[in-house]
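See below for the structure under consideration.
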Amino acid sequence: MRKVYFDHSATTPVDPAVAEEMMKYLTEHFGNPSSIHAFGREARKAVEKARQQVATAIGASSVGEIAFTGTGTEADNMAIRGVAYANRHKGNHIITSAVEHSAVLNCCKQLEREGFSVTVLPPDQYGRVTAQQVADAITDKTILITIMHANNEIGTIMPIKEISEVARERKIIFHTDAVQSVGKIPVNVDELGVDLLTLSGHKIYGPKGVGAMYIRKGTFWHPIMFGGGQERRRRPGTENVAGIVGLGKAVELATQRMHADAERLSKYRDRIISKVLEKIPHTILTGHPKERLPNHVSFCFRFIEGESMLLMLDMKGIAISSGSACTSGSLEPSHVLTAIGLSKEVAHGSLRLTMGKDNTEEDVEYFLETLPPIIERLRAMSPLSEGCNPCACSTCTVHEEDHHHDHGEIEEEF
């Protein structure tokens with residue numbers, strides 16, 4: 001049976017070149033980077049090389065602006081909580097969006113319990129918030145704006161540059177979660193205008209258990225962990241040398257092939273969107289039709305339950321997801337899909353397909369052949385599909401604009 005992996009937003013396989021680079025620091029060069037002997041110096045040299053690779057990939061002006069972390073979630077917490085605590089004397093107000101990753105939203109919820117005030121901006125039907133929304137939400141107590149660069153569930157790219165202009169004009173610190181965008185689309189901290197940026201290794205063919213935080217020189221920030229002096233006291237604890245080496249190599253390779261991958265994968269993406277909407281009625285394309293990641297496709301299929309669809313695709317050798325891997329165990333529908341106006345019933349029929357560097361045209365065609373009969377079979381078994389007018393039934397009410405997609409039509413802007 002053919003095996004197709006279409007879940008690269010959840011995680012990616014470690015690139016063989018990355019694994020080879022890492023292996024040296026799991027066996028031969030095993031020293032502690034804080035040790036002053038030759039073993040330690042060799043490890044320290046590797047960590048600093050990786051720091052330079054990350055800084056170069058995102059356009060940081062100095063390697064000192066990069067701090068390594070355990071995960072992207074930890075990096076988000078460090079960025080957000082560090083700014084909040086450091087600037088509490090100035091104010092207690094934070095602005096974010098309703099479609100952020102749970103690493104950001106749950107961090108903000110915890111800060112609310114600690115006395116901070118959080119404004120959660122509602123997105124449009126495509127999952128975007130605007131610079132004007134941000135500007136309107138700012139108060140004299142606002143100390144941080146945190147808006148993701150690209151959404152993990154629906155692939156929408158946010159207008160980060162425009163939002164950062166508002167933040168700079170009002171002298172407010174701006175953080176973006178770039179876990180899904182680094183290595184897939186151009187990411188330059190100066191062009192984006194961000195003060196803090198976070199990323200993760202395992203989304204770009206690096207290892208799990210390592211991430212990084214960029215913090216612009218001069219940004220007022222406090223550490224949230226305490227211990228030794230590692231990472232300039234920003235993230236104490238003995239460094240995961242092999243993981244850091246892997247992250248450095250992975251981000252270097254990802255940025256080198258980014259444009260070629262994006263050109264190829266965006267063609268696959270567009271074909272999938274076109275054919276699925278053409279072949280399968282009552283289907284909603286989620287996310288922005290144009291401003292979306294090149295490798296990312298996401299739909300909602302009316303009258304079916306997403307988990308059954310995933311299991312049947314898995315039986316055909318296709319690995320895919322329904323929403324975020326970080327919340328896949330939840331019985332609640334995706335907070336992203338409900339935030340863009342979809343009902344809970346419709347949101348439960350979601351599918352996220354994210355391609356990677358090794359996927360082929362044959363993979364795409366196999367998926368396009370396999371999906372329609374699965375949807376037809378599930379709908380035939382579903383009580384929701386019996387006698388329901390999809391454009392009028394309250395069970396499946398969505399934005400009026402989405403009805404174009406229900407009937408297999410693609411809006412002109414796509």
(request) Identify the residue among Lys249, Met22, His202 that makes a side-chain contact (heavy atoms from CB on, under 4.5 Å) with Pro207. (result) Met22
(request) To the nearest 0.5 angstrom, please state how far the CD atom of Glu65 sits from the NZ atom of Lys217. (result) 8.0 Å
(message) Does Glu362 have more than 12 heavy atoms from other residues, nucleotides or ligands lying within 6.0 Å of its CD?
(response) yes
(message) Before you tell me yes or no, could you show the steps for Val364 and Met355 under side chain to side chain contact (heavy atoms under 4.5 Å, CB included), namely the whole-Å CA-CA distance, both residues' side-chain angles and the distance that decides it to 0.1 Å?
(response) CA-CA 9 Å; Val364 171; Met355 296 167 285; 4.3 Å; yes
(request) Give a yes or no on whether a salt bridge exists between Glu231 and Arg51, defined as a side-chain N under 4.0 angstrom from a carboxylate O. (result) yes
(request) Compare every heavy atom of Ala254 with every heavy atom of Ile204, then report the nearest pair and how far apart it is. (result) CB-CB, 4.3 Å
(request) Check Arg269 against Leu293 and note the closest heavy-atom contact, atom names and distance. (result) NH1-O, 3.2 Å
(message) Test your reading of the model: is there a side-chain donor-acceptor pair from Lys203 to the backbone of Ala10, 3.5 Å cut-off?
(response) yes
(request) Identify the two heavy atoms, one from Val54 and one from Ala212, that lie closest to each other, and give their separation to 0.1 Å. (result) CG1-CB, 4.5 Å
(message) Quick check on Gln256: does its CD atom have over 12 non-hydrogen neighbours (other residues, nucleotides or ligands) under 6.0 Å away?
(response) yes
(request) Look only at the side chain of Arg232 and the backbone of Ala67, and say whether a donor-acceptor pair between them is shorter than 3.5 Å. (result) no
(request) Verify the neighbour count for atom CZ of Arg377: are there more than 12 heavy atoms of other residues, nucleotides or ligands below 6.0 Å? (result) no
(request) Check for a donor-acceptor pair, side chain of Ser164 on one end and backbone N or O of Leu192 on the other, with a separation under 3.5 Å. (result) yes
(message) Quick check for you: to the nearest 0.5 Å, what is the distance between Ile340 atom CD1 and Ile154 atom CD1?
(response) 4.5 Å
(message) Do the side chains of Asp261 and Arg257 get close enough for a salt bridge, i.e. N-O under 4.0 angstrom?
(response) yes
(message) Can you give me the closest heavy-atom contact between Met148 and Val99, atom names plus distance?
(response) SD-O, 3.3 Å
(message) I'd like to know whether CD of Glu162 has more than 12 heavy-atom contacts from other residues, nucleotides or ligands below 6.0 angstrom.
(response) yes
(message) Can you tell me how far apart CD1 (Ile374) and CD1 (Ile318) are? Round to the nearest 0.5 Å.
(response) 6.5 Å
(request) Decide, yes or no, whether a salt bridge links Asp270 with Arg292 under the criterion of side-chain N to carboxylate O below 4.0 Å. (result) no
(request) For the pair Arg264 and Glu361, find out whether any cationic side-chain nitrogen is under 4.0 Å from an anionic carboxylate oxygen. (result) no
(message) Please determine whether side chain to side chain contact (heavy atoms under 4.5 Å, CB included) holds for the pair Leu368 and Arg271, giving the CA-CA distance in whole Å, both sets of side-chain angles, and the decisive distance to 0.1 Å.
(response) CA-CA 9 Å; Leu368 290 173; Arg271 177 165 174 76; 4.0 Å; yes
(message) If you compare all heavy atoms of Thr142 against all heavy atoms of Ala137, which two are closest, and at what distance to 0.1 Å?
(response) OG1-O, 4.3 Å
(request) May I ask you to check whether over 12 heavy atoms, not counting those of Lys49, lie within 6.0 Å of atom NZ? (result) no
(message) Is the shortest side-chain heavy-atom distance between Thr370 and Val4 below 4.5 Å?
(response) no
(request) Report yes or no: does His175 contribute a side-chain atom to a donor-acceptor pair with the main-chain N or O of Ala79 at less than 3.5 Å? (result) no
(message) Here's a test for you: under side-chain hydrogen bond (donor to acceptor under 3.5 Å, both in side chains), which of Ser350, Ser298, Ser334 qualifies with Thr286?
(response) Ser298
(message) Are more than 12 heavy atoms, taken from residues, nucleotides or ligands other than Tyr85, located less than 6.0 Å from that residue's OH atom?
(response) yes
(message) Is it the case that the side chains of Glu114 and Gln110 hold a donor-acceptor pair, with the cut-off being a distance below 3.5 Å and no angle test?
(response) yes
(request) May I ask you to decide whether Glu48 forms a salt bridge with Lys45, counting only side-chain N to carboxylate O separations under 4.0 Å? (result) no
(request) Quick one: do Tyr214 and Arg216 satisfy side chain to side chain contact (heavy atoms under 4.5 Å, CB included)? Show the steps, please. (result) CA-CA 6 Å; Tyr214 159 80; Arg216 186 180 295 277; 3.2 Å; yes
(request) Find the distance between CG (Leu353) and OG (Ser322) and round it off to the nearest 0.5 Å. (result) 12.0 Å
(message) I'd like to know if the side chain of Asn77 reaches the main chain of Thr73, judged simply by a donor and an acceptor atom lying under 3.5 Å from each other, with no hydrogens or angles considered.
(response) yes
(message) I'd like to know whether CD of Glu365 has more than 12 heavy-atom contacts from other residues, nucleotides or ligands below 6.0 angstrom.
(response) yes
(request) Look up atom CD1 in Ile80 and atom CG in Leu111, then write down how far apart they are to the nearest 0.5 Å. (result) 7.5 Å
(request) For Ala55 and Ile66, work out which heavy atoms get closest and say how close. (result) CB-CG1, 3.9 Å
(request) Please determine if Lys109 and Glu112 form a salt bridge, counting it only when a charged side-chain N lies under 4.0 Å from a carboxylate O. (result) no
(request) Would you kindly say whether Gln53 and Thr56 are connected by a side-chain donor-acceptor distance under 3.5 Å? (result) no
(message) Rounded at 0.5 Å granularity, tell me how far CG in Leu199 sits from OG1 in Thr71.
(response) 11.0 Å
